[in-house]
Amino acid sequence: MYQFKFLEYNQLTKEIMSEEDTLDNIVSIALNGKPTKEDKKHLLSCEEWAKYAFDNNDIYYVTMYKYERPVASIRVTDMHITILFLEQYGGELVNYLTLVYHRFDLLKYIDKNEIEYFNETNLFLGEILSYNFDDEKKSNTNIAFSINGFAVVSMTQATSPENDDWNTVKKKVEVNISHNFIRPPKNYKDFEYLLDYQNNIKPEYFDLPNQVNN
């Protein structure tokens, strides 16, 4: 069973932010520092804002806990749902896996600068980012999916960690994206099903980085 706190995870400080700081970020970033009178009615708490934001396609944050430990932080906007999976590493709370679900056809936006939303029953898994923090095998992997059935796999590896030297290789591969679609949340805290990435994501996607060097 998960517990919910409507707080933001700060990727720079690697900490869960306070309620006050989360609300300040929402006001300054999402609302451009100019909340309306109606916005202000719902900025009394992070959860109250989350309820309002869900109904009005505004940004809000959810951090999910299991056994009192934060396991994922979620950023919800009108364009994306981004899930940062969290774990303790080296005394810090780090993001080891990120899933980005699009609400719109990113390929059409890139090609024609047009935003075409998927219907209300679909999110599209558009990106998987994973991180290896081991000093001897430090690496980042990015898999970006497109609606036309291709994925661009990028692997960045530390060739000399002590000198902060990195090497990046990319490869475009054909994939079956039929399983990339999943339903959106039904309410402001309906996210447990999205945390089950081992069942939501095809196992072969995690083998795609092996194709980069082949």
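Predicted model, so just to flag it, every value in this text is computed and none were measured.
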How about Asp78 and Tyr117: do any of their side-chain heavy atoms sit closer than 4.5 Å? yes

Which pairs of donor and acceptor atoms, one on a side chain in residues 10-17, lie under 3.5 Å apart (sequence neighbours left out)?
| from | atom 1 | to | atom 2 | distance (Å) |
| --- | --- | --- | --- | --- |
| Asn10 | OD1 | Leu12 | N | 2.8 |
| Asn10 | OD1 | Thr13 | N | 3.0 |

Distance col, row Tyr193:OH vs Asn199:CG, nearest 0.5 angstrom, shows 14.5 Å

Count the heavy atoms belonging to other residues, nucleotides or ligands that lie under 6.0 Å from CD of Glu20, then report whether that count exceeds 12. no

Can you label the angle between the Phe4 ring and the Phe6 ring as parallel, tilted or perpendicular, going by 30° and 60°? parallel

Specify whether Tyr60 and Phe54 have parallel, tilted or perpendicular ring planes, treating 30° as the upper limit for parallel and 60° as the lower limit for perpendicular. perpendicular

Please confirm whether the backbone N or O of Leu129 pairs with a side-chain atom of Asn140, one donor and one acceptor, at under 3.5 Å? no

Tell me if the centroids of the rings in Phe191 and Tyr2 come within less than 6.0 Å of each other. no

For Pro185 and Arg183, which heavy atoms make the closest approach, and how far apart are they? CA-NH1, 4.0 Å

Does any part of the side chain of Val173, heavy atoms only, come nearer than 4.5 Å to the side chain of Lys171, both counted from C-beta? yes

Show your reasoning for whether side-chain contact (heavy atoms from CB on, under 4.5 Å) applies to Lys51 and Asp55. CA-CA 7 Å; Lys51 295 176 184 177; Asp55 291 334; 5.6 Å; no

Which atom pairs, donor and acceptor, lie under 3.5 Å between side-chain atoms of residues 93-105 and protein residues at least two apart or in another chain?
| from | atom 1 | to | atom 2 | distance (Å) |
| --- | --- | --- | --- | --- |
| Asn95 | OD1 | Thr98 | OG1 | 2.9 |
| Asn95 | ND2 | Phe85 | O | 3.2 |
| Asn95 | ND2 | Leu97 | O | 2.9 |
| Asn95 | ND2 | Thr98 | OG1 | 3.3 |
| His102 | ND1 | His80 | ND1 | 2.9 |
| Arg103 | NE | Thr77 | O | 2.8 |
| Arg103 | NH2 | Thr77 | O | 3.4 |
| Asp105 | OD1 | Leu107 | N | 3.1 |
| Asp105 | OD1 | Lys108 | N | 3.2 |

Give the minimum heavy-atom separation between Met1 and Lys66, together with the two atoms involved. O-CG, 4.2 Å

Scanning both residues in full, the closest heavy-atom pair of Cys46 with Leu7 reads SG-CD2, 4.2 Å

Worked verdict on Glu38 versus Lys41 for side-chain contact (heavy atoms from CB on, under 4.5 Å): CA-CA 5 Å; Glu38 187 62 28; Lys41 293 179 184 178; 3.4 Å; yes

Have Asp39 and Thr36 got a donor and an acceptor in their side chains that come within less than 3.5 Å? yes

Test item: Asn56 side-chain N/O and Asp58 main-chain N/O as donor-acceptor pair under 3.5 Å: no

Where the side chain of Asn180 meets the backbone of Leu125, is there a donor-acceptor pair that is under 3.5 Å apart? yes

Donor-acceptor contact below 3.5 Å, side chain Ser73 vs main chain Leu84: no

Interatomic distance, CZ@Phe124 vs CD1@Ile182, rounded to 0.5 Å, equals 12.5 Å

One should read off an interatomic distance between Gln3 CD and Tyr65 OH, to the nearest 0.5 angstrom, of 10.0 Å

Show me the side-chain donor-acceptor pairs of residues 142-152 shorter than 3.5 Å, one per line, residues at least two apart or across chains.
| from | atom 1 | to | atom 2 | distance (Å) |
| --- | --- | --- | --- | --- |
| Asn142 | ND2 | Glu127 | OE2 | 2.7 |
| Ser146 | OG | Asn148 | OD1 | 2.2 |
| Ser146 | OG | Phe150 | O | 3.3 |

Side chains of Tyr9 and Arg75 in contact at under 4.5 Å (non-hydrogen atoms): no

Measuring from Ile83:CD1 to Leu194:CG, what's the distance to the nearest 0.5 Å? 4.5 Å

Quick one, Val62 with Met64, criterion side-chain contact (heavy atoms from CB on, under 4.5 Å). Give me CA distance, side-chain angles, the key distance, then yes/no. CA-CA 6 Å; Val62 185; Met64 300 181 67; 4.1 Å; yes

May I ask you to test the Ile26-Thr22 pair for a side-chain heavy-atom distance under 4.5 Å? yes

